[in-house]
Amino acid sequence: MYTCPMHPEIHKDQPGICPLCGMTLVMSHKTKPSEHNSEHSSDHNDFNKHTGHKTTSFLKKFWIALAATVPIFFYSEMAVMLFNIQAPQFPGSSYVFLVIGSFIFWYCGWVFLASAYRELRAKLPGMMTLISIAISAAYGFSFFSIVAGRGHDLLFELSSLITIMLLGHWIEMKSVQGAQGALKELAKLLPDKAEVIRGDKTEIIPLTELKVGDIVLVKPGANVPADGKISEGTSELNESVITGESRPVTKTIGALVIAGSINGDGSLKVVIEKIGEQTFLAGVMHLVANAQASKSRLQILSDRAAFYLTVIALVTGTITFITWLLIGAGVVTATERLVAVLVIACPHALGLAVPLVAAISTTLAARNGLLVKERRALEAARTIDTILFDKTGTLTKGEFGVVGTVSDSLLQFAASVNAQSEHPLAKAMVAAAGQKNLTLLPVQNFSRVAGKGVVGTIYGKVVQVGNFGTDATSPAAGQTVVQVVVDGKALGSIALADVIREESRQAIQTLHQLGIKTAMITGDSEDVAVWVAKELQIDEYFARVMPDQKSAKVKLLQSQGRKVAMVGDGVNDAPALTQADLGIAIGAGTNVAIESAGIILVRNDPRDIPRIIKLSNLTYQKMIQNLFWATGYNVVAIPLAAGVLAAKGIISEPALAAALMSVSTVIVALNAVLLRRRKLS
């Protein structure tokens, strides 16, 4: 179990960052509390149960520390240096302020000490360890100096440091929570209650009491409480937060609805089919949580750098302390420099640089119908130079459609006779007639002719549809041609083909604009492959490829030094999806459990492929920006805190170091939040 050093009530099954403050979670020796058995309920409780209390407590302690720091300031050497003022001394005044300083250290600063203990117990020293050493050094020196009667102390430095650290951490928490709201936002999609129909009455029950088979009433404007199927009513549902589709989707009887989608103007009765962890939304939340817990190469680098920064801070602080002592500056100055180095080098900004961006990018992806299973998949997308598409069901609809006919009357005859047939070509002609609002004519004496087609009588005329008689029309590449013969006379032909998605044309064009090559793989014949590739302007194709041979084609492209993304339906394309540098499952619908793909597309839309590339590039840019700021800040700040420019009057006081450290963290968080405003289309 993993927990936050500063917020031990946060429990996670996997490593990651705290949703409240963004600190790296450390391994805990305790088991997870029973009320947090579910990953999703844990996240929900973390946000709703603890957020306000913990954030408020930091602000409360800040005001207490600030009030206690004011009298200490007027009796400090800092007041004399800055304003040339000195409060009147009185017997025992130093002990009075030692008591106040002790109160600030133990009460207001205890959160840092306890957090450092958890870091050290987990053998992962970090931000809290450095802060605790710094404030302990300042307090320890002041305590022994006052007790020994030497008259020098660092009580103001101690109190101001803790005060600013509390304020800074409160601001950081607010910034991090604004950037880390993925699961919180998804959880908001579900209503707290559902209106269940029991007999002739409706009953409002908590969502937790909903069962499979219950019939719920979804009123206009309400959120669907769980996955199910419409049993009564018609309406338009807004699924944009779940699938990324901006337009409302019309739903009628028999249509599936997803938990969290928003009902339009109609009233619906829905039979519940999935509840709780089985719903699509729960699956999305699980994927988002896993993606945020997984680590990209950049985050591994960032984590390693944060650890080394902690080591550097401790070593630099020790060297700084010894150096100032050796040059005769005194224990007070040496301790000040030690405290400043330890505080300003806290690796919080560096530790947040990558995880915050990753958290936002996975949320942004989910909102656009792109489910990222692990961060490395999204990271790999920006390096892809070749996209290999499976043809059927990806570039094409995987069903026949009419692509050419002599006239509507010819199509009307053909569709009328085929109305009773189950053949895919027959269904395509009937569907085409329906799209043109053609009325089907009454058919008598319907029969099937093996190897030929169908025959029927319409208004006393014998109509044959299929391979009958002779026709001058030759099939074009990738097309199937059927003839329509009436009373032995050929009236014309109808050309059918696997329908190419219009979205595919736009997707291929966009990919070419991005400088990415496209390829197609299909089990169809050469002429079909040629036709589709030509229609879509695909760079290369592989025809007559059996499902078990697809991964070999991926290897072939990779052997040419290419970075290949395979796009398929996630079923018979599993080996190829696994072999590719990036596997993308398209047309998954509400199936979020495709193991072989790194990224799953909720919508069956190839135009989402370029969006993945764009999101990957945006995510990488933000991560690099944050890493540059976090490391660059430390390169400049640590030497200043050590006092390398003290001879020129440039020196960083501990309180200023604490402020700069907090500012750097907030800048990293705000820069990550800017990713939310970027559009993927």
Atom NZ in K553, atom CE in M520: separation rounded to 0.5 Å? 13.0 Å
Verify, without hydrogens or angle tests, whether Q506 (side chain) and E503 (backbone) share a donor-acceptor contact under 3.5 angstrom. no
Would a 4.5 Å heavy-atom cut-off, applied to side chains only, mark I230 and T252 as touching? no
Any donor and acceptor pair, going by atom type alone, linking the side chain of K517 with main-chain N or O of L511 inside 3.5 Å? no
Verdict with reasoning, E535 to R501, per salt bridge (charged side-chain N to carboxylate O under 4.0 Å, His left out): CA-CA 11 Å; E535 284 289 313; R501 300 177 184 277; over 6 Å; no
Would you say S421's side chain and N418's backbone share a donor-acceptor pair under 3.5 angstrom? no
dist L582:CG -> I612:CD1 (nearest 0.5 Å) comes out at 6.5 Å
Would E422 and K427 count as a salt bridge (charged side-chain N to carboxylate O under 4.0 Å, His left out) if you check the C-alpha gap in whole Å, the side-chain angles of each, and the deciding distance to 0.1 Å? CA-CA 7 Å; E422 294 297 320; K427 289 182 177 180; 3.4 Å; yes
Identify each donor-acceptor pair in which a side-chain atom of residues 400-413 lies under 3.5 Å from a protein atom, sequence neighbours left out, and give them as a table.
from: T405; atom 1: OG1; to: S407; atom 2: O; distance (Å): 3.4
from: S407; atom 1: OG; to: S409; atom 2: OG; distance (Å): 3.0
from: S407; atom 1: OG; to: L410; atom 2: N; distance (Å): 3.3
from: D408; atom 1: OD1; to: K436; atom 2: NZ; distance (Å): 3.1
from: Q412; atom 1: NE2; to: T439; atom 2: O; distance (Å): 2.7

Would you name the heavy atoms of G213 and V271 that are closest together and state the gap between them? O-CG1, 4.2 Å
Using side-chain heavy atoms (C-beta onward) and a distance below 4.5 Å, is I387 in contact with V567? yes
What verdict does the side chain to side chain contact (heavy atoms under 4.5 Å, CB included) test give for L491 and V485, after you've listed the backbone C-alpha separation in whole Å, the side-chain angles of each residue and the deciding distance to 0.1 Å? CA-CA 6 Å; L491 294 187; V485 180; over 6 Å; no
Got a donor-acceptor contact below 3.5 angstrom from the S504 side chain to the L395 backbone? yes
Look at the side chain of K397 and the backbone N and O of I500, then say whether any donor-acceptor pair between them is shorter than 3.5 Å. no
We want to know whether Q558 and Q579 form a side-chain donor-acceptor pair, criterion being a heavy-atom distance below 3.5 angstrom. yes
Derivation and outcome, side chain to side chain contact (heavy atoms under 4.5 Å, CB included), residues V465 and M429: CA-CA 11 Å; V465 182; M429 286 181 271; 4.2 Å; yes
Within a reach of under 6.0 Å around CZ of R677, are more than 12 heavy atoms found that belong to other residues, nucleotides or ligands? no
If you count every heavy atom of other residues, nucleotides or ligands that lies below 6.0 Å from K269 atom NZ, does the total exceed 12? no
Could you check V486 against V462 for side chain to side chain contact (heavy atoms under 4.5 Å, CB included), going step by step and ending with a plain yes or no? CA-CA 6 Å; V486 179; V462 178; over 6 Å; no
What are the two closest heavy atoms between N223 and G260, and how far apart are they? ND2-O, 3.2 Å
State, yes or no, whether a side-chain contact exists between K550 and D390 at a heavy-atom distance under 4.5 Å. yes
Checking the side chain of N263 only, and the main-chain atoms of V218 only, is there a donor and an acceptor separated by less than 3.5 Å? yes
Just checking, any donor-acceptor pair under 3.5 angstrom between side chains of Q444 and T457? no
Can you check whether I215 reaches V270 side chain to side chain, under 4.5 Å on heavy atoms? no
Exam field: side chain S361 to backbone A358, donor-acceptor pair closer than 3.5 Å: yes
Determine, for E540 against R562, whether the closest basic-nitrogen to carboxylate-oxygen distance falls under 4.0 angstrom. yes
Show your reasoning for whether side chain to side chain contact (heavy atoms under 4.5 Å, CB included) applies to W531 and E526. CA-CA 9 Å; W531 174 67; E526 185 81 12; over 6 Å; no
Quick one: do K489 and D487 satisfy salt bridge (charged side-chain N to carboxylate O under 4.0 Å, His left out)? Show the steps, please. CA-CA 6 Å; K489 182 180 179 181; D487 286 341; over 6 Å; no
Tightest non-hydrogen contact, residues V564 and A580, listed as O-CB, 3.6 Å
More than 12 heavy atoms of other residues, nucleotides or ligands under 6.0 Å from CZ of R678: yes or no? no
Roughly how far apart are M623 CE and E379 CD, rounded to 0.5 Å? 7.0 Å
Less than 4.5 Å apart, any side-chain heavy atom of S493 and any of V484? no
Mark yes or no for whether S416, through its side chain, and L441, through its backbone, hold a donor-acceptor pair below 3.5 Å. yes
If you define the side chain from C-beta out and look only at heavy atoms, does anything of V216 sit under 4.5 Å from I197? no
Would you confirm whether D385, through its side chain, and K563, through its main-chain N or O, come within 3.5 Å as a donor-acceptor pair? yes
Ignoring hydrogens, what is the shortest heavy-atom contact between L440 and A415? Give both atom names and the distance. CD2-CB, 3.8 Å
Verify salt bridge (charged side-chain N to carboxylate O under 4.0 Å, His left out) between K219 and E195, making sure each step is shown before the conclusion. CA-CA 9 Å; K219 294 180 178 179; E195 192 167 352; 3.5 Å; yes
Distance from T619 atom OG1 to R382 atom CZ, nearest 0.5 Å? 10.5 Å
For the backbone of L370 and the side chain of N368, can you confirm whether one donor and one acceptor N or O come within less than 3.5 Å of each other? no
Taking the side chain as every heavy atom from C-beta outward, state whether L268 and L237 have any atom pair closer than 4.5 Å. yes
Measuring from atom CD1 of I584 to atom CZ of F389, what distance do you get when rounded to the nearest 0.5 angstrom? 8.0 Å
Quick check for you: to the nearest 0.5 Å, what is the distance between I609 atom CD1 and T518 atom OG1? 12.0 Å
Between A381 and I613 the two heavy atoms that sit nearest each other are O-CD1, 3.3 Å
Check whether any side-chain heavy atom of S235 sits under 4.5 Å from a side-chain heavy atom of K251, and report yes or no. no
Scanning both residues in full, the closest heavy-atom pair of E209 with D214 reads O-OD2, 4.4 Å
